[in-house]
Protein chains: 2
Amino acid sequence: MTSLDRSLIAGLSLFEGIAAADLDRMIGQARSVRIAKDQPVFEQEQEAHSFFLLLDGHVRVVKSTPDGHEVTVRYISPGELMGIAHALGRTTYPASAIAVVDCVVLAWPGQLWPTFATTFPSFSANTYKAVGSRLQDAHARIIEMSTEQVEQRVAHALLKLIKQSGKKTEEGILIDFPISRQDVAEMTGTTLHTVSRLLSAWEDQGFVKSGRQRVVVVEPHRLLVIAEGRVAKG
Amino acid sequence: MTSLDRSLIAGLSLFEGIAAADLDRMIGQARSVRIAKDQPVFEQEQEAHSFFLLLDGHVRVVKSTPDGHEVTVRYISPGELMGIAHALGRTTYPASAIAVVDCVVLAWPGQLWPTFATTFPSFSANTYKAVGSRLQDAHARIIEMSTEQVEQRVAHALLKLIKQSGKKTEEGILIDFPISRQDVAEMTGTTLHTVSRLLSAWEDQGFVKSGRQRVVVVEPHRLLVIAEGRVAKG
DNA sequence: GAGGGAATTTGCCTCAGCGCAAACAGCCGA
DNA sequence: TCGGCTGTTTGCGCTGAGGCAAATTCCCTC
């Protein structure tokens with residue numbers, strides 16, 4: 001926990017409305033932890049001992065099904081909470097969180113949640129607001145899965161990713177962490193083959209560039225057209 | 001609000017841990033409203049003026065997409081909260097709620113939420129626990145949509161419905177409100193044609209009976225086998 | 001810089017499930 | 001009782017996208 005981290009945290013919308021002294025009290029009770037790439041922050045079904053704030057890096061939240069499928073629930077960027085099972089009355093984590101690059105997280109013991117909730121009401125309100133967005137996102141995803149075809153869903157997924165973790169480069173907007181065709185497939189409920197075919201086609205048309213675990217969107221506008229189904233399929 | 005309703009409410013897990021006097025104070029601030037069949041309790045995009053407790057009847061929560069698709073998010077049974085946008089920091093309803101039969105709801109003005117949350121902490125905790133379940137359900141649904149085929153999804157949907165609103169009859173377990181093929185299709189991301197074909201096939205095999213807006217599950221076990229994909233397709 | 005493993009590309013085949021269309025049945029109101 | 005409306009069934013053809021398999025390319029390590 002550097003002072004840089006400290007001021008970074010203070011700027012998060014999550015801590016809006018919280019006095020500086022309170023914020024320090026909260027941070028004082030957390031433990032800063034490094035998670036190496038591909039290591040779990042927490043795992044599905046395990047007892048929820050802590051909740052976390054991602055300070056640096058990117059984390060993928062996945063659920064595994066009994067029959068061996070993996071579904072990516074969402075990606076987490078710096079500044080977001082994760083593993084907040086306690087806030088929702090659960091005692092185990094419903095999914096696993098895997099670091100996709102080396103990460104730094106702040107960890108609070110789960111038992112602290114009730115105290116935090118009553119002591120820092122804005123924190124609790126902000127957290128539940130974030131939960132509201134997640135629920136909203138989940139529903140949006142259900143709707144996508146119900147009504148859109150694969151091409152649209154993949155386009156939506158890429159747009160979501162560049163919005164959340166896009167980094168401008170001279171080529172276009174780069175998704176700022178390693179992501180494979182398989183990863184995109186797990187976000188959209190399709191197969192890596194289909195994703196590969198789509199990216200190839202888009203690359204031919206020149207509005208996406210991609211390589212090994214790497215995607216750059218050159219013209220987001222064209223993706224948007226596909227995502228919204230405003231395209232006569234050519 | 002009859003005294004019967006009053007004792008019914010007191011029994012809900014939602015009000016667990018709340019003193020009788022507090023419960024009366026809460027109820028005292030609500031308005032009891034009747035909603036006729038097919039009428040909305042609240043509508044998507046509209047400003048969230050109230051949150052509701054369903055006392056009697058069944059409500060369908062739907063989201064409409066710009067391109068005219070409708071997706072059923074979930075069905076609500078008596079005893080469940082709905083329209084709790086305020087608890088999640090939203091100012092508009094993210095979906096519409098339509099009465100599928102004549103209903104009775106208890107409505108609280110939205111502004112009351114913050115007061116309730118601080119005055120009756122168990123109520124707030126219970127509510128967020130319910131939100132946690134919904135999030136869980138939403139994720140389960142995403143996983144279903146990503147990894148299962150239509151037959152499994154429809155089987156899952158029927159199982160969910162009989163679990164939530166099943167009523168034992170001499171024929172089997174009846175879904176206790178009018179539900180069409182189209183409705184099931186909107187729950188599972190398929191078409192009424194496909195649902196119709198499936199139900200016909202299942203009826204031939206004798207473990208489901210159905211008619212106009214009516215479904216009875218004769219052997220839930222057989223449905224479960226299909227839902228879990230433990231079936232060699234025949 | 002050679003070898004090996006992982007990620008990606010691509011071709012070919014297959015089929016679940018959708019779209020379309022037509023026929024049919026049950027229920028309600030006049 | 002007689003339409004007429006809404007919900008349901010069913011046939012047929014088509015296709016998006018998955019499964020399988022092989023080839024290729026990239027990157028990392030030794």
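Chain A is the first sequence line, chain B the second, and so forth, proteins listed ahead of strands; every chain is numbered from 1.
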Residue-phosphate contact under 4.0 Å: Thr190(B) side-chain N/O, dG17(C) OP1/OP2
no
Side-chain-base donor-acceptor pair under 3.5 Å for His193(A) and dT8(C)
no
What is the separation between atom CD on Gln213(A) and atom C1' on dT8(C), rounded to the nearest whole Å?
11 Å
Indicate whether OP1 or OP2 belonging to dG19(D) is found under 4.0 Å from a side-chain N or O atom of Thr191(A).
no
Atom CG of Leu199(A) and atom P of dA7(C) are separated, to the nearest Å, by 16 Å
Does one side chain, of Gln205(A) or Glu219(A), offer a donor that lies under 3.5 Å from an acceptor on the other?
no
Would one find a side-chain N or O of Thr194(B) under 4.0 angstrom from OP1 or OP2 of dC18(C)?
yes
Does Arg212(B) have a side-chain nitrogen or oxygen under 4.0 Å from the phosphate oxygens OP1 or OP2 of dG26(C)?
no
Ignoring hydrogens and angles, answer whether the base of dG19(C) and the side-chain atoms of Arg197(B) contain a donor-acceptor pair closer than 3.5 Å.
yes
Looking at Lys129(B), is its backbone amide N or carbonyl O close enough to the side chain of Ser133(B) to form a donor-acceptor pair, meaning the two atoms are under 3.5 Å apart?
yes
Closest to the side chain of Ser180(B), out of dG7(D), dT10(D), dG18(D), is dG7(D)
To the nearest Å, how far apart are Lys37(A) NZ and dC28(D) C1'?
12 Å
Measure from CD on Glu148(A) to P on dA17(D) and round the result to the nearest Å.
11 Å
How would you label the contact of Ser196(B) with the nucleic acid (heavy atoms, under 4.0 Å): base, sugar-phosphate, or nothing?
base
Hey, is Arg214(B) close enough to Glu171(B) for a salt bridge, meaning N to O under 4.0 Å?
yes
Between C1' of dG18(D) and CD of Glu151(A), the distance in whole Å
16 Å
Quickly work out the Gln182(A) CD to dG19(D) P distance and round it to whole Å.
11 Å
Expressed in angstrom and rounded to an integer, what is the separation of Glu203(B) atom CD from dT10(D) atom P?
10 Å
Taking Tyr93(A)'s backbone N and O only, do any of them form a donor-acceptor pair with Gln44(A)'s side chain (distance below 3.5 Å, no angle check)?
no
Between Glu144(B) and Arg153(B), the two heavy atoms sitting closest are O-CD, 3.6 Å
Take atom CH2 of Trp202(B) and atom P of dT8(D), then tell me their distance rounded to the nearest Å.
15 Å
